[in-house]
Amino acid sequence: MRMSHLFGRTLREAPGDVELISHQLMVRAGMVRPLGAGIFSLLPLGWRVVRKVEQVIREEMDAIGGQEMLMPVVHPADIWKESGRFYSVGPEMARFKDRNDRDMVLAMTHEEVVADLCRTEINSYRQLPQIVYHLQTKFRDEPRARGGLIRVREFTMKDSYSLDADEAGLDVSYQLHWKAYDRIFRRCGLKFIVVGADVGMMGGSASHEFMAFSPNGEDTILICSSCNYAANQEVATFRREPPVSEPQQPLEEVATPNTPTIEALAEFLGIPKSRTAKAVFYRAGSGRFIFAVIRGDLEVNETKLRKIVQEGTLIPATAEEIRGIGAEPGYGSPVGVKEATIVVDESVRDTPNLVAGANKPGYHLKNVNLGRDYQADFVADIASAEDGFPCPNCGEPMRAERAIEVGNIFKLGTRYSESLGARYLDAEGKEHPIVMGSYGIGSGRVAATIVEQRHDERGILWPYEVAPFHVSLVSLAKESTDETAQAADRLYADLQAAGVEVLYDDRVDQSAGVKFADADLIGNPLRVTVSPRTLKQGQVELKGRSESEATLVPLADAVSAIQAKLAAIAAADRAAAGLEA
RNA sequence: CGGGGUGUGGCGCAGUUGGUAGCGCGCGGCGUUUGGGACGCUGAGGUCGGAGGUUCGAGUCCUCUCACCCCGACCA
């Protein structure tokens, strides 16, 4: 590609409202342009990257026996009604009616379509197992798009679906995907970790996320470096202290003016926060009032809480709602409240004689004890694991890190095959629901995440495998027809003939500085400079994007020297990623 | 949806007590330049997000509205 004709220009400055470095660099490099909130066009350079990411995905999916296909973006709502998600998924699913007033949806994922296909395509255990996948547009009307390309509303996802006869088969398919994903993200040059995760709206029995480290990540993960425990904070557990054994003391009301927070209360009474009980109030999607009680030194994990009470959404309750159940904001406790589902964290069960609110302003109760002073509907783990908390397996302190979720694998089980009636006959002629798994990777997100992890002050450092081009060929010719230009033209043609992907900066109206700056910004792994200065000695200059020094090679051998250099760069990438040569 | 912020040529910005819109970059032309974002001359490009209002007069003040960004509940 000649840069003089490349569609999409580079920018010296990023638009003012762009914050994330990946977003800035991809906009400046002329790879993406926004159309609306969370909606982007991929320009030729960006599209090349995404296509290469997708090519890596295809190769690794095919390697585990995946069969590529293509399912529609627009679905009749019927299948979503059959699975129940038409009703359970909120406004993030875009819905509309066709001209005949039929409900339609824009696909946000494809479990329903796969299950629907299985009804007719899969009848016998002999056809199992299967892995099918496609790369298709998804639309999710996110409450808030953010972070440039990291979180968008319209995106392309590789989603694959495993179809198995039983759980053991699903385990195999799950492991195959795990391995494929591991290779995909390594080949993309990402530093990542696999963590246990919440199943969310997908449902199912197990889920893991592939998390790429980034301070700009939206997720927090907890990692134990001594035993390799790793989990999304949403589901992370931690080793609890042994229960405190202490005789129960009589309940006692104390005046505690101006202590609506745990901090203020602990300071006023001169006790540690761990001797207080914190009350957190939610209004659930079903309308139920959820009253969570946790020790003052811990935080409520809403994902865990949602799962315990089996509610899709929890919204912090208003002061009026809190008073409506007989509690008092800032001075609340479960003692004496009614018409609320009370969920107590294990920490509160295991610590007697806590200080809790008296449900009137300015007063607390001392020596509050579960079972004696109030009853719980659930006693469970609803505490959030934080940086430094002890690992649930080995007790060593864990560290919290931010990360971007680049891939997710789910064991769905029979949730969709049962609701849509996707069944097969076993060897005995008995009918069973197909056991499904579902597995997703957002290709644009992967590209943006690579930029988050691999950039310097000048621009992007693409790994060889997904770089838009292998080589930035920079011509410093003064005229488009002089000897330098002719030499560069010839090298461009020779490299293309040799199968090297070249972005040829043939512009004669730009200074050397502009061309070098653009080459660094765009971030192809190798820069080749053809200039009058080196041409005099019959040489051209090679410089790896991550190298500080250039080397000179004879023009006559340039193609083979470039190929050798590219092979070395590719090999170095693979070695750094822990992949075989 | 709650909270905060921004809308002025393609990009980055300025615009005073309300007085008829400017700078840098970029873009076109001509010339001089050419190894790390060159220089001169010249030219094009703006219903100041939109609507309504106040005023002799609105980019500026008021009301409404739209869009976008950031922080919170969701996810590839």
Side-chain angles (χ1 to χ4, degrees), chain A residues 9-20 23 27-28 30 33-39 53 57 89-93 108-109 135-138 140-160 181 197-202 207 209-212 217-219 232 234 282-283 285 302-303 306 312-316 318 404-410 438-449 458-459 474-479 482 484 507-521 527 529-534 541 543 550:
Chain A
R9 70 198 315 171
T10 57
L11 301 176
R12 296 193 183 203
E13 290 172 290
D17 54 11
V18 171
E19 287 213 340
L20 273 198
H23 191 191
V27 169
R28 285 189 50 215
R33 292 290 181 258
L35 181 63
I39 304 177
V53 169
I57 293 172
V89 175
E92 58 268 29
M93 181 157 72
M108 38 191 306
T109 175
L135 288 124
Q136 174 65 292
T137 302
K138 304 287 184 283
R140 297 184 183 177
D141 197 356
E142 298 285 346
R144 181 162 84 85
R146 76 182 115 191
L149 299 190
I150 301 293
R151 177 169 215 75
V152 294
R153 295 193 294 169
E154 182 186 308
F155 59 102
T156 302
M157 181 164 85
K158 183 290 298 176
D159 40 327
S160 48
Y181 275 34
D198 180 48
V199 294
M201 72 153 179
M202 291 295 183
S207 166
E209 293 168 334
F210 288 72
M211 289 290 195
E218 296 185 86
D219 287 271
N232 193 309
E234 290 178 344
Y282 297 95
R283 173 68 64 188
E302 290 185 18
T303 305
R306 268 203 304 275
T313 54
L314 292 177
I315 301 154
T318 64
I404 299 167
E405 182 190 343
V406 286
N408 199 178
I409 56 180
F410 292 92
S438 117
Y439 315 86
I441 297 176
S443 47
R445 179 126 117 193
V446 168
T449 304
R458 296 181 182 282
V474 177
S475 163
L476 299 186
K478 292 178 174 58
E479 306 285 340
D482 65 15
T484 306
R507 296 173 296 178
V508 291
D509 56 346
Q510 295 293 344
S511 69
V514 169
K515 296 182 197 177
F516 290 144
D518 277 349
D520 288 342
L521 176 60
R527 189 184 81 196
T529 308
V530 180
S531 75
R533 200 167 80 185
T534 58
E541 180 192 279
K543 182 176 171 298

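Fair warning: this is a prediction, and the values are worked out from it, not measured in the lab. Just so it is clear: chains get the letters A, B, ... in the order the sequence lines come, proteins before strands, and each one is counted from 1.
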Open item on the list: Students often get this wrong, so: under 4.0 angstrom with heavy atoms, is A:Ala517 touching a base, only sugar-phosphate, or nothing?
Closed with: base
Task: Rounded interatomic separation in angstrom, taking CD1 from A:Ile409 and P from B:A76 - done: 12 Å
- [ ] Determine the Euclidean distance between corresponding C1' atoms of B:G22 and B:U16; express it in Å to zero decimal places.
- [x] 14 Å
Open item on the list: Work out how far the C1' atom of B:G18 is from that of B:C56, and round it to whole angstrom.
Closed with: 12 Å
Open item on the list: Closest approach to the side chain of A:Arg458, judged atom by atom: which nucleotide of B:C71, B:G36, B:A76 is it?
Closed with: B:G36
Open item on the list: Regarding A:Glu19, tell me which of base, sugar-phosphate or nothing describes its non-hydrogen contacts under 4.0 Å with the strands shown.
Closed with: sugar-phosphate
TODO: Could you say whether A:Thr303 or A:Val508 is positioned toward the 5' end of RNA chain B, judged by the nucleotide with the nearest heavy atom to each?
DONE: A:Val508
Open item on the list: Rounding to an integer number of angstrom, what distance separates B:C27 and B:G72 when you compare their P atoms?
Closed with: 39 Å
If you restrict it to nitrogen or oxygen atoms, what contacts under 3.5 Å exist between nucleotides 21-24 of chain B and the protein, and what is each distance?
none

Open item on the list: Is there a side-chain contact between A:Lys478 and A:Val508 in this structure, where contact means two heavy atoms from C-beta onward sitting under 4.5 Å apart?
Closed with: no
Task: Pairwise P distance, B:U8 and B:C30 [rounded to whole Å] - done: 33 Å
Task: B:G37 and B:G26, which share atom name C1', separated by this distance in whole Å - done: 12 Å
- [ ] Using distance alone, with no hydrogens and no angle criterion, decide if A:Ser207 and A:Asn408 have a side-chain donor and acceptor under 3.5 Å apart.
- [x] yes
TODO: Using the P atoms only, state how far B:G9 lies from B:A14, rounded to an integer number of Å.
DONE: 13 Å
TODO: Taking atom C1' in both B:G3 and B:A73, compute the distance separating them and give it to the nearest angstrom.
DONE: 13 Å
- [ ] Just compare B:A76, B:C69, B:A38 and give me whichever is closest to any side-chain atom of A:Val514.
- [x] B:A38
Task: Rounded distance in Å - CE (A:Met211) to C1' (B:A76) - done: 11 Å
Open item on the list: With the criterion set at under 5.5 Å between ring centres and under 30 degrees between planes, would B:A76 be stacked on A:Phe155?
Closed with: yes
Task: Partner nucleotide, any strand, of B:U33 [Watson-Crick/G-U, under 3.5 Å] - done: none
TODO: Send over the distance from A:Ile57 CD1 to B:A76 C1', rounded to a whole Å.
DONE: 10 Å
- [ ] Classify the side chain of A:Asp17 and the base of B:G5 as holding, or not holding, a donor-acceptor pair under 3.5 Å.
- [x] no
Task: For the student: nearest non-hydrogen atoms of A:Val53 and A:Ser443, plus distance - done: CG1-O, 4.1 Å
Open item on the list: Under 4.0 Å, counting only non-hydrogen atoms across every strand here, what does A:Arg28 touch: a base, just sugar-phosphate, or nothing?
Closed with: base
- [ ] May I ask you to say what A:Ala14 touches in the nucleic acid, namely base, sugar-phosphate or nothing, with a heavy-atom cut-off under 4.0 Å?
- [x] sugar-phosphate
TODO: Counting heavy atoms from C-beta on, name the nucleotide in B:G35, B:C74, B:U34 closest to the side chain of A:Thr534.
DONE: B:G35
- [ ] For the pair A:Ile441 and A:Phe210, evaluate side chain to side chain contact (heavy atoms under 4.5 Å, CB included) and give the outcome as yes or no after the intermediate values.
- [x] CA-CA 9 Å; A:Ile441 297 176; A:Phe210 288 72; over 6 Å; no
Open item on the list: Between P on B:C74 and CE on A:Met108, what's the gap in Å once rounded to a whole number?
Closed with: 13 Å
Open item on the list: By the 4.0 Å heavy-atom rule, please label A:Val446 as base, sugar-phosphate, or nothing.
Closed with: nothing
TODO: Answer with base, sugar-phosphate or nothing: what part of the nucleic acid does A:Arg527 contact at a heavy-atom distance below 4.0 Å?
DONE: base
Task: Selection from B:C74, B:C75, B:G35 that lies nearest to any side-chain heavy atom of A:Glu92 - done: B:C74
- [ ] Just compare B:C75, B:C11, B:C27 and give me whichever is closest to any side-chain atom of A:Gln510.
- [x] B:C27
- [ ] Assess whether one donor atom and one acceptor atom, taken from the side chain of A:Arg12 and the base of B:C25, lie less than 3.5 Å apart.
- [x] no
Task: B:G15 and B:U6, which share atom name P, separated by this distance in whole Å - done: 13 Å
- [ ] Please confirm whether the backbone N or O of A:Met93 pairs with a side-chain atom of A:Arg140, one donor and one acceptor, at under 3.5 Å?
- [x] no
TODO: Considering non-hydrogen atoms only, spot the tightest contact between A:Lys515 and A:Gln510 and give its length.
DONE: CE-O, 3.3 Å
Open item on the list: Measuring from the side chain of A:Arg144 (C-beta onward, heavy atoms only), which nucleotide among B:G35, B:G72, B:G37 has the closest atom?
Closed with: B:G72
- [ ] Mark yes or no for a side-chain to base donor-acceptor pair under 3.5 Å between A:Asp219 and B:C75, with no hydrogen or angle criteria applied.
- [x] yes
Task: Residue matched to B:C27 through Watson-Crick or wobble contacts both under 3.5 angstrom - done: B:G43
Task: Minimum-distance nucleotide (side-chain atoms of A:Thr10 versus B:G37, B:C70, B:C75) - done: B:G37
Open item on the list: Applying a 4.0 Å non-hydrogen cut-off, can you work out what A:Glu541 is touching in the nucleic acid: base, sugar-phosphate, or nothing?
Closed with: base
- [ ] Check the distance between B:G35's C1' and A:Lys478's NZ and give it to me in whole angstrom.
- [x] 10 Å
Open item on the list: It should be established whether A:Ser511 places a side-chain nitrogen or oxygen under 4.0 Å from OP1 or OP2 of nucleotide B:U34.
Closed with: no
Open item on the list: Closer than 3.5 angstrom, by distance alone: can the side chain of A:Arg28 be matched with the main-chain N or O of A:Leu11 as a donor-acceptor pair?
Closed with: yes
Task: Under 3.5 Å on both distances, the Watson-Crick or G-U partner of B:A76 - done: none
Open item on the list: Measuring from the side chain of A:Leu476 (C-beta onward, heavy atoms only), which nucleotide among B:G37, B:G35, B:A73 has the closest atom?
Closed with: B:G35
Task: Under 3.5 Å on both distances, the Watson-Crick or G-U partner of B:C48 - done: none
Task: Base B:C75 to side chain A:Arg153, donor-acceptor N/O within 3.5 Å cut-off - done: no
TODO: Go ahead and name the base partner of B:U55; Watson-Crick or wobble counts if both distances stay under 3.5 Å, otherwise write none.
DONE: none
- [ ] With side chain to side chain contact (heavy atoms under 4.5 Å, CB included) as the test, would you mind laying out the steps for A:Lys158 and A:Val446 before giving the verdict?
- [x] CA-CA 11 Å; A:Lys158 183 290 298 176; A:Val446 168; over 6 Å; no
Task: Rounded distance in Å - CG (A:Asp159) to P (B:C75) - done: 16 Å
- [ ] Starting from the 5' end of RNA chain B, give me the residue, A:Asp509 or A:Leu521, whose nearest nucleotide shows up first.
- [x] A:Asp509
Open item on the list: Using Watson-Crick or G-U wobble geometry with both distances under 3.5 Å, which nucleotide pairs with B:G18?
Closed with: none
Task: Selected nucleotide, minimal atom distance to A:Pro15 side chain, candidates B:C11, B:G37, B:G35 - done: B:C11
Open item on the list: Looking at every non-hydrogen atom in both residues, tell me the closest pair between A:Tyr181 and A:Gly440 and how far apart they are.
Closed with: OH-N, 3.0 Å
Open item on the list: Output the rounded distance in Å from CG (A:Asp518) to P (B:G26).
Closed with: 12 Å
Open item on the list: Rounded to whole Å, please give me the gap between CG in A:Leu11 and P in B:G12.
Closed with: 8 Å
Task: Flag, side chain of A:Arg151 to backbone of A:Ala145, donor-acceptor distance under 3.5 Å - done: no
Open item on the list: Using Watson-Crick or G-U wobble geometry with both distances under 3.5 Å, which nucleotide pairs with B:U6?
Closed with: B:A67
- [ ] Looking only at side-chain atoms of A:Glu218, point me to the closest of B:G36, B:C74, B:A76.
- [x] B:C74
Open item on the list: In the structure I gave you, are the side-chain heavy atoms of A:Arg527 and A:Phe516 within less than 4.5 Å of one another anywhere?
Closed with: yes
